[in-house]
Amino acid sequence: MELTLEIFVLLFFVAGLAGFIDAIAGGGGLLTVPALLSVGIPPAQVLATNKLQSSFGSFSASLYFVRNGLVKLKDMRLAIACTFTGSAIGALLVQHIDAGILTSLIPLLLIFVSLYFLFSPNIGKPQGDPKLSEAMFAFAVGTSIGFYDGFFGPGTGSLFTICFVAIAKFGLVEATARTKILNFTSNIAALTFFIIAGLPLWKLGLIMAAGGFIGARLGAHIVINKGQKFIRPMVIIMSMIMAIKLLWDQHPQWFQFLSF
């Protein structure tokens, strides 16, 4: 496998676009994973390298949100700990358990997410009291979605966002900021085990990380300045695209009518 300068440049820009999308609505892996596979990198190294570059993007967005006062890390300590633990367990178990059940379930969850955001006109503002205490939210949501990200991954940002909106009752901008904190946490936990296994391609991953860092910073800036008007349609669109992509991969026969 030989990676040319042109490939490095192309993947830098792909990661930049993915980081931009990820900071707003999640789903950047839909761009980076196929791009990495297309240049002949083995799947295990693709997943590891993608986690490496996406960790920098989620860190960039998280840092921007923290510095701009949208979220305080001390308020999320328990959720961070639970998410890290869940993701670490998922990253360990995925090496021994078939992910078929999750791959079948997640497209349905993503369709639900998109429909929820589509038909909830007041979703941009805080709506009443949280349905769970902070501790229960951390254990239930942080651990379970963290596990999912370490085990499989696609749609993690959308799932975190809808939980912060529907369960914790945050406004959409605040929910997006908190989502990136936990997304970064789960990325780091999973990446740790990939590094132990010696899987990431460091040179390529760090070049893509630079692109993802820049793209995520721009995306986070859009979140703060454009808010609900930009986030809501992006979440709907990316959730539906991810759901269709996963269904296509699992059941290509359903889409034969699109073949010419």
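To the nearest 0.5 Å, the span separating OG on Ser87 from CZ on Phe193 amounts to 8.5 Å. In this structure, the separation between NZ on Lys180 and OG1 on Thr185 is 11.0 Å, given to the nearest 0.5 Å. Residue Thr161 holds its OG1 atom at 12.0 Å from CE of Met238, rounded to the nearest 0.5 Å. The CG atom of Leu10 lies 11.0 Å from the CG atom of Leu5; values are rounded to the nearest 0.5 Å. Taking OG1 of Thr179 as the reference point, atom CD of Glu174 lies at 11.5 Å (rounded to 0.5 Å). Here CE of Met208 is found 8.0 Å from OG1 of Thr49. Values are rounded to the nearest 0.5 Å.
Leu47 is linked by a side-chain contact (heavy atoms from CB on, under 4.5 Å) to Phe194, counting only residues two or more places apart in sequence or in another chain. Annotation: salt bridge (Lys or Arg N to Asp or Glu O under 4.0 Å) contacts of Lys131 (sequence neighbours excluded): none. Residues meeting the side-chain contact (heavy atoms from CB on, under 4.5 Å) test with Ile224, sequence neighbours left out: Tyr64, Phe65, Asn68, Leu70. Scored by the ring pair (Phe, Tyr, Trp, His ring centres under 6.0 Å) test, Phe137 finds Phe164 as partners (sequence neighbours excluded). Not counting sequence neighbours, the partners of Phe184 by the side-chain contact (heavy atoms from CB on, under 4.5 Å) test are Ser58, Phe59, Ser62, Ile188. Every side-chain contact (heavy atoms from CB on, under 4.5 Å) that Phe13 has, sequence neighbours left out, goes to Val9.
The side-chain heavy atoms of Ile145 and Cys163, taken from C-beta on, include a pair separated by under 4.5 Å. Here the side chains of Ile195 and Pro200 are in contact, with some heavy-atom distance below 4.5 Å. Residues Leu191 and Asn187 have side chains not in contact (no heavy-atom distance under 4.5 Å, counting atoms from C-beta outward).
Of all non-hydrogen atoms in Phe160 and Asn183, the two that sit nearest each other are CE1-N, 4.3 Å. Annotation for Gly205 and Leu52: closest pair CA-CD2, 3.6 Å, computed over non-hydrogen atoms. Considering all non-hydrogen atoms of both residues, Asp75 and Glu134 come closest at O-OE2, 2.9 Å. Closest approach of Ile207 to Phe12, counting heavy atoms only: O-CD1, 3.3 Å. Between Arg232 and Leu118, the shortest heavy-atom distance links the atoms NH2-O, 2.8 Å. Met76 and Val71 get closest at one heavy-atom pair: SD-CG2, 3.3 Å.
Ser144 places a side-chain N or O within 3.5 Å of a backbone atom of Val141 that can act as its donor or acceptor partner. Under a 3.5 Å cut-off, the side chain of Ser186 and the backbone N or O of Gly146 do not form any donor-acceptor pair. Side chain of Ser114 to backbone of Ile111: a donor-acceptor contact under 3.5 angstrom is found.
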Can you give the donor-acceptor pairs under 3.5 Å from side chains of residues 77-86 to other protein atoms, not counting sequence neighbours?
from: Arg77; atom 1: NE; to: Lys74; atom 2: O; distance (Å): 3.1
from: Thr83; atom 1: OG1; to: Ala79; atom 2: O; distance (Å): 2.7
from: Thr83; atom 1: OG1; to: Gly142; atom 2: O; distance (Å): 3.4
from: Thr85; atom 1: OG1; to: Ala81; atom 2: O; distance (Å): 2.9

Enumerate donor-acceptor pairs with a distance under 3.5 Å from any side-chain N or O in residues 17-41 to protein atoms, sequence neighbours excluded.
from: Asp22; atom 1: OD1; to: Gly27; atom 2: N; distance (Å): 3.0
from: Asp22; atom 1: OD1; to: Gly28; atom 2: N; distance (Å): 3.2
from: Thr32; atom 1: OG1; to: Asn50; atom 2: OD1; distance (Å): 2.5
from: Ser38; atom 1: OG; to: Ala35; atom 2: O; distance (Å): 2.6

Begin from the C-alpha positions of Val113 and Met240 and carry the test side chain to side chain contact (heavy atoms under 4.5 Å, CB included) through to its verdict. CA-CA 9 Å; Val113 168; Met240 287 302 297; over 6 Å; no
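Among residues at least two apart or in separate chains, there is no salt bridge (Lys or Arg N to Asp or Glu O under 4.0 Å) pair with a member in residues 9-19. Applying the ring pair (Phe, Tyr, Trp, His ring centres under 6.0 Å) rule to pairs touching residues 24-49 yields nothing, sequence neighbours excluded. For residues 194-216, no residue pair satisfies the side-chain hydrogen bond (donor to acceptor under 3.5 Å, both in side chains) rule, not counting sequence neighbours. Pairs of residues two or more places apart, or lying in two chains, never qualify as ring pair (Phe, Tyr, Trp, His ring centres under 6.0 Å) while including a residue from residues 23-58.
In this structure, Ile222 is not a member of the same hydrophobic cluster as Phe213, with clusters built from ILVMFWY side-chain heavy atoms closer than 4.5 Å. At a threshold of 4.5 Å between side-chain heavy atoms, the hydrophobic network of Ile, Leu, Val, Met, Phe, Trp and Tyr places Phe8 and Leu201 in one connected group. Clustering ILVMFWY residues whenever any of their side-chain heavy atoms sit less than 4.5 angstrom apart, transitively, puts Ile167 in the very cluster that holds Leu115. Residue Phe139 is not grouped with residue Ile181 when hydrophobic side chains (ILVMFWY) are merged at heavy-atom distances under 4.5 angstrom, including chains of intermediate members. Follow the hydrophobic side-chain contacts under 4.5 Å out from Leu199 and you never reach Leu11; the two are in separate clusters.
Taking the ring axis of Phe170 as reference, the NZ or CZ atom of Arg178 stays within 45° of it and closer than 6.0 Å to the ring centre.
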